[in-house]
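Computation of the quantities below employed the complete heavy-atom set of this structure, encompassing side-chain atoms and omitting hydrogens, waters and symmetry-equivalent molecules. Not measured: the values here are computed from a predicted model.
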Amino acid sequence: MPLWVELLFRVGGVLVAFLTLPLLVGQAEHKIMAHMQGRLGPMYAGAFHGWAQLIADGVKFVQKEEVTPRGADRPVFRLAPVVALVPYLLVLLVIPLGPGDLVAQPLDIGLFFVLAVVGVGVVAVLMSAWASANKYSLLGGLRAAAQLLGYELPFVLAAASVAMAAGTLSLPGIVEAWQPWWLLWQAPAMIVFFVAGLAEIRRPPFDMPIADSELVFGYLTEYTGLRFALFLLAEYVGVVVIAALTTVLFLGGWQGPFADAQLGWFWTLLKVAAVSFVIIWFRVSYPRLRADQLQRLCWLVLVPASLAQLVLTVTVRMAL
């Protein structure tokens, strides 16, 4: 197969995943929240179990008027939703779906690349907050910046723990080095990584930047129509990315109970779906953290726990 055809095939596969997996997560969130909260609305669109709810939402967003505030910085305001999406698209390029060639672009420093790119998300938030010419949006953007800059540290430290255990920064290499007993001694790192990841994508209970009871809708207040839909899509892509990274780093990726490598992609997708369910479950189950509680959790719990996990990893590696 010519190189350009293979490259086109790989990038096309990532684009398909980029456009479909977040929609599946969004549909699942509608249904899971409807069942957990006894909400009947999402069960009616399309008659059979509300199968058309996501389509109805898409039609609603398309019909809404695109409004740009008079005092807004128009180019920055319009570019922010795109900047929110691009980092997650780049991350999906290096996440392995299975062994062998089931990754768009394998990198020897894949984990370093992922951690660097995910941190760019705060730029889109600050762009939207500053360009909206709205004080509520600006306050939401400042909250988001403080939150993301704080939780970036335990997020990186937890990922460094499993990279140190595997002895590589390659994501496929980490999966190949993974052993079932890592579920025990890397469990604190996994919890820290997962919680910090939720804060990175601003999912409840870490949604202080868009606290509707205080800030209208934070940095998203002035966005309507398709631009708002792009931010919503970025949130769901973020759910997929955090679930996929948790799967690859801490849950063994494509490794399953059977030795058949042909089923590797299935185990990866199954684990990503399970972690995504937990993320949705958190949204339904836990109230929003206050700003002081959010920062206390970061600096007094997650950072010390991640540092202790690094010490444990070094000790185990030296013992082995």
Side-chain angles (χ1 to χ4, degrees), residues 13-14 16-18 20-22 24-26 28-29 32 87-107 110-115 117-118 154-156 158-166 168-201 203 235-282 306 309:
V14 171
V16 170
F18 179 75
T20 57
L21 290 179
L24 293 176
V25 170
E29 183 167 65
I32 293 171
Y88 297 128
L89 175 60
L90 296 177
V91 170
L92 289 177
L93 288 171
V94 300
I95 293 180
L97 183 60
D101 295 330
L102 287 179
V103 56
Q105 181 57 55
L107 294 177
L111 180 57
F112 178 82
F113 174 81
V114 165
L115 296 177
V117 171
V118 168
F155 188 71
V156 172
S161 173
V162 71
M164 188 181 300
T168 178
L169 290 173
S170 168
L171 294 180
I174 291 175
V175 177
E176 291 171 357
W178 184 87
Q179 299 293 331
W181 66 281
W182 285 21
L183 290 172
L184 296 177
W185 76 296
Q186 290 295 323
M190 180 177 66
I191 295 172
V192 170
F193 184 87
F194 178 75
V195 173
L198 291 183
E200 286 280 323
I201 59 176
R203 287 281 300 186
E235 178 182 337
Y236 287 133
V237 180
V239 171
V240 173
V241 166
I242 295 301
L245 288 176
T246 303
T247 296
V248 169
L249 296 178
F250 299 99
L251 299 179
W254 62 76
Q255 297 193 43
F258 306 107
D260 187 3
Q262 300 297 325
L263 290 176
W265 61 270
F266 171 77
W267 296 119
T268 300
L269 292 178
L270 185 62
K271 294 173 185 177
V272 170
V275 178
S276 299
F277 171 79
V278 174
I279 293 175
I280 297 170
W281 188 6
F282 268 49
S306 58
Q309 178 63 42

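Taking CD of Q255 as the reference point, atom CD of Q179 lies at 7.0 Å (rounded to 0.5 Å). In this structure, CD1 on I32 lies 11.0 Å from CD1 on I279, to the nearest 0.5 angstrom. For the atom pair CH2 (W265) and CG (L269), the distance works out to 6.5 Å, reported to the nearest 0.5 Å.
For the residue pair F113 and L90, the shortest heavy atom distance occurs at CE2-O, 3.6 Å. Looking at every heavy atom in both residues, I174 comes nearest to A163 through CD1-CA, 4.3 Å. Contact record, I95 with A244: CD1-CB, 3.8 Å, taken as the closest heavy-atom pair. Nearest heavy atom pair, residue I280 against residue A28, reads CD1-C, 4.2 Å. Across all non-hydrogen atoms, the minimal contact from S306 to A158 is CB-N, 4.3 Å. The two residues L249 and A159 have their closest heavy-atom pair at CD1-CB, 4.3 Å.
At least one donor-acceptor pair closer than 3.5 Å links the side chain of Q309 to the backbone N or O of W185. A donor-acceptor contact shorter than 3.5 Å is absent between the side chain of E235 and the backbone of R203. Under the 3.5 Å distance criterion, the side-chain polar atoms of K271 are left unmatched by any main-chain donor or acceptor of T246. No donor-acceptor pair under 3.5 Å is formed between the side chain of T247 and the backbone N or O of T268.
Contact annotation: the side chain of V16 never approaches that of L21 to less than 4.5 Å [non-hydrogen atoms, C-beta and beyond]. A 4.5 Å side-chain heavy-atom check between Y236 and E29 finds at least one atom pair inside the cut-off. Side-chain contact between Y88 and I242 is absent, with no heavy-atom pair separated by less than 4.5 Å. By the 4.5 Å heavy-atom criterion applied to side chains, W254 and E176 are counted as neighbours. For the pair L107/F112, no side-chain contact is recorded, criterion being any heavy-atom separation below 4.5 Å from C-beta on. Counting heavy atoms from C-beta on, the side chains of W178 and L251 never come closer than 4.5 Å.
Between W281 and F277, the two ring planes are tilted [angle within 30° to 60°].
Of the candidates V156, T168, L169, V94, L111 forms a side chain to side chain contact (heavy atoms under 4.5 Å, CB included) with just one, namely L169.
F250 is linked by a ring pair (Phe, Tyr, Trp, His ring centres under 6.0 Å) to F193, counting only residues two or more places apart in sequence or in another chain.
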